[in-house]
Amino acid sequence: MDKVYKHQEVEKKWYAFWEKEGFFTPKTDPKKKPYTIIMPPPNANGYLHIGHAAFLTLEDIMIRYHRMKGEVTLWLPGADHAGILTQVVFERKLEKEEHKSRFDLGREEFVRRSMEFTLKNKEVMERQMKAIGASCDWSRESFTLDPKFNKPIYQTFKNLYDDGFLYRDFRMINWCVRCSTALSDLEVVYKEKKDPLYYIKYGPFVLATVRPETKFGDTAVAVHPQDRRYQKYIGKEIKAEGLLGKFSLKVIADQAVDPKFGTGVVKVTPAHDPDDFAMGQRHHLEVKQVIDFDGRLNNKTGPYKGMTVEAARKKTAEDLKKKGLIEKIDFNYSHNVAVCERCQTIVEPLVSLQWFIKTKPLAQRAMESVKKGEIKFKPERFEKNFFIWMENIRDWCISRQLWWGHRIPVWYCGKKNLSQLQLLMNPELTKIKDEGCGEIIVSAKTPQTCPKCLKTNLIQDPDTLDTWFSSGQWPYTTLGFAQDDGRDFEYFYPTSVMETGYEILFFWVARMIMLGLYSTGKVPFKLVYLHGLVRDAFGQKMSKSKGNVIDPLTVIDEYGADSLRMSLVYGTSVGSDVKLSEKKIEAMRNFGNKIWNMARFIKMNMEFFEKNNKKFNPDINYLPKNSDDKNLLKKFKMLTKLITKNMDTYRFAPVAEILYNFLWHELADIYIEKVKERLKNNDYEALNTLYQAYMTCMVMLHPFMPHITEEINKKLTGENAKPLIITPWPKNER
RNA sequence: GCUCGCGUAGCUCAGAAGGCCUAGAGCGUUCGGUUCACAUCCGAAAGGUCCCUGGUUCAAAUCCAGGCGCGAGCACCA
């Protein structure tokens, strides 16, 4: 055996061997129960980071353990086209490298280039996954934008529509001016911002606002119904002086007004504020749009037309001041502003025609399944979070004005029913003259003619689906549901575990449960295992700008994949964030070195034994008489039981710690030191006891450190050794 | 505002169902050790009112209540 363990050679060699031998591809057997994990597909818009390494390690541990238990084990890998995020990343790249926008390329070319970019990333990610040692079934690898998934995804869309769970409506959506698309509520984050709060004279009132530029869209003034100060105005019209001259507005009373905020009077702008929109609906107010989708004021704003929101705010405030219409300005006001999660641009609430999923009934069913225990959460506390969100769920806007993603499977007869926004975002559509009959056709297959007027002038909805709509169906689409070959679906669905980050519990897990139940009638998985974030040694989020990122490939190159894997598991607890430092990885590398040297020591003693005696035949059932040996085996038996119990309950960190401590601080530090003399005297009992305890540890350590244990196994048991990857997990009773 | 999590050695964290805790590990620190598997090592040591206050209990780091301090999620402010 080499004096030093050479991870670079060994790890590559074993991965190639496992893959070549086909150990990653399960042999389905109707008599056996399957164990299935669908890998959360990493976003193919960059390379894998340490967080990916963490979940790949956890899932690989689960998979390897169950494979060793003899179950039909499938780990299905994949990659996500990641709609908006990839489009943002690629647009930035395009801007930076070629000074071009998506419109410069045109839709077709933009999609082609994005695909090229994505597939290239995907390839790199595959190599990274292999370097980590992920024993997933590459023959079933899936990519969310693979055309074969269009059929089931479109079918789900159509079914939802036919069942009345899908509708198209004018609603207030979150509009990202930079991305030029609607966002779901989940894709919006709030940032605290300090903005001047203007107290504006408004006829008989003074009211406070941070958005004077939306004043042109005001269609009412609101007060709280019980506010004594303003009772006499409720229901009346007031006259006021504004930037565009005199105007009059109705005064309404609404519970949503907080009498304690500002002066207790609110200007109502239904077209540009979510609360005002809701108020407008309650009081049947006119929705008067004054800001367009390009983030600029429109022709209803007179001289302010064409200004950006930011510029118009300054200018209107200035002009109001000049006209003596500002009473005071509070410069210390700070509030939360909605920004696009992906590009951080301030979100503009706008009303537009979009597709929505009616989520309440789907959520109801999802909650019932969880209540019945068909799906369990680990750690359990996330179950509560799940319920809170599901109970308060709002309809899900699934149409995006993006080009990168699944095109919405809706066709319109002529352009009559295309929205203004869609025409704006897709200049080529404006050239079409044919108004058509306006029929809306929702179909899983591309229709040829309009069923109503029989014309062939059908235009597909130019919008794409929210990326989570397709990934929400991942557990069954990847298994061939509603496709030509559904055998995998029949055998492997529902899957066993969904292992993913707690930060996408709502984005993804909840939607998979809702859509899985809706489409297949069954839960998509039985256990949701949620892991935490990987942070740096000080608990900070890793980011390129902070310069504290740990790159998995660099680490693997220097310390080996096994060291990295072990350091991502050791000393962690389920659902909590993991703090990782290079020191920790180094410590685990040292552990690898330790077990390597233990192997060398055992090998040396085996050779010494054989030089002086006959062949050394390890005997797992041999019962030693020596009390040191007996005590060791007794203790070891207890630990084996404990380890198995922890493996079965997904508590991997204690297993890593038990093995670490037993191997190093009991077997090496104490037992080996004790038996050195006996080994010199060719004591079979001592050698066999050491060998059995050590090798069984290697078997149990294999899911954690697969490469080094496989190499040691071969070195100690010879050329014809059965690979550890398919060695049965130790029995508990012996 | 609502909800959840955390607070244990200098640092990062284990300690699930109360007694095997006279509270552990890794890193760091100090001292000693190189022929005998391993300096990526071995031996030893220092270092802790287990956030605070009450309660339950024969017994609390662990359970309960309150407080303080951090972090996260959700809601959202005109």
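Below, chain A is the first sequence line, B the second, and so on; all start at residue 1.
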Item to check | Rounded distance in Å between the P positions of B/U34 and B/A9 | outcome: 36 Å

Hey, is the side chain of A/S581 poking within less than 4.0 Å of OP1 or OP2 on B/U12, counting only N and O atoms? no

Tested for salt bridge (charged side-chain N to carboxylate O under 4.0 Å, His left out) against A/D628, the lone hit among A/K634, A/K635, A/K674 is A/K674

ask   = Can you tell me if the side-chain N/O atoms of A/K3 get under 4.0 Å from OP1 or OP2 in B/A37?
value = no

- Task: Under 4.0 Å between any heavy atoms, over every strand shown, what does A/M604 touch: base, sugar-phosphate, or nothing? Just pick one.
- Result: sugar-phosphate

Of the listed B/U40, B/C42, B/A72, the closest approach to the A/R589 side chain comes from B/U40

Rounded to whole Å, the OH-C1' distance (A/Y660 to B/G26) equals 6 Å

Please determine whether a side-chain nitrogen or oxygen atom of A/N392 lies at a distance below 4.0 Å from atom OP1 or OP2 of B/C74. no

query = Rounding to the closest angstrom, what is the interatomic distance between B/U8 and B/C52 at atom C1'?
reply = 15 Å

Taking atom P in both B/U30 and B/A46, compute the distance separating them and give it to the nearest angstrom.
16 Å

Separation of the P atoms in B/G67 and B/A23, to the nearest angstrom: 31 Å

When both distances are under 3.5 Å in a Watson-Crick or G-U wobble arrangement, the nucleotide paired with B/A61 is none

Rounded to whole Å, OH of A/Y190 lies from P of B/G1 at a distance of 18 Å

Out of B/U3, B/U40, B/G5, minimum distance to the side chain of A/R381 belongs to B/G5

Among B/C74, B/A37, B/A25, the one nearest any side-chain atom of A/A668 is B/A37

The nucleotide from B/C76, B/C41, B/C27 with an atom nearest the side chain of A/K583 is B/C27

Notebook entry, point to check: Roughly how far apart, to the nearest Å, are B/U29 and B/G73 at atom C1'?
Noted result: 40 Å

task: Quick one: label A/Y333 by what it contacts on the DNA or RNA (base, sugar-phosphate, nothing), any heavy atom closer than 4.0 Å.
output: sugar-phosphate

Q) Side-chain donor-acceptor pair under 3.5 Å between A/N631 and A/Y671, yes or no? A) no

Of B/A37, B/A72, B/A16, the nucleotide closest to the side chain of A/I672 is B/A37

*Whole-Å P distance, B/C20 and B/U56*: 22 Å

| query | Under the 3.5 angstrom rule, does the side chain of A/H707 hit a backbone N or O of A/Q8 as a donor-acceptor pair? | reply | no

Electrostatic pair A/K714-A/E710, nearest N-O below 4.0 angstrom: no

Exercise. Between A/F205 and A/Y230, is the gap from one ring center to the other below 6.0 Å?
Worked result: yes

Picking from B/C41, B/C76, B/C42, the nucleotide nearest the side-chain atoms of A/W664 would be B/C42

A/W596 atom CH2 is separated from B/A37 atom P, nearest whole Å, by 17 Å

What distance, rounded to whole Å, do you find between the two C1' atoms, one in B/C36 and one in B/G10?
37 Å

Take atom P in B/G55 and the same atom in B/A17, then report the distance between them in whole Å.
-> 23 Å

Quick note, A/A587 side chain, CB onward, closest among B/C38, B/A72, B/G26 is B/G26

In A/D218, A/T219, A/D273, the residue satisfying side chain to side chain donor-acceptor pair (under 3.5 Å) with A/K267 is A/D218

*Phosphate OP1/OP2 of B/A25: any A/K584 side-chain N/O under 4.0 Å*: no

Pairing partner of B/G24, by Watson-Crick or G-U wobble and under 3.5 Å for both distances, is B/C13

The answer to which of A/T649 and A/F507 contacts RNA chain B further toward the 5' end, by nearest nucleotide, is A/T649

Does B/C76 have OP1 or OP2 under 4.0 Å away from a side-chain N or O of A/R394?
yes

#### Entry: Check: A/Y65 ring centroid to A/F652 ring centroid under 6.0 Å
no

Review point. Under 3.5 Å, side chain of A/R651 to main-chain N/O of A/K645, donor-acceptor pair present?
Key: no

Exercise for the section: Would you indicate, yes or no, if B/C4 has its OP1 or OP2 atom less than 4.0 angstrom from a side-chain nitrogen or oxygen of A/K384? Expected result: yes

According to a strict under-4.0 Å criterion, is A/H665 in side-chain N/O contact with OP1 or OP2 of B/C42? no

Closest of B/C41, B/A16, B/U40 to the A/R651 side chain is B/A16

Between CD of A/E582 and C1' of B/C11 the distance, given in whole Å, is 16 Å

- Message: What's A/V4 touching, base or sugar-phosphate or nothing? Going by heavy atoms closer than 4.0 Å.
- Response: base

Out of B/C4, B/C41, B/A37, minimum distance to the side chain of A/R600 belongs to B/A37

Against the side chain of A/F601, the closest entry in B/A14, B/U3, B/A37 is B/A37

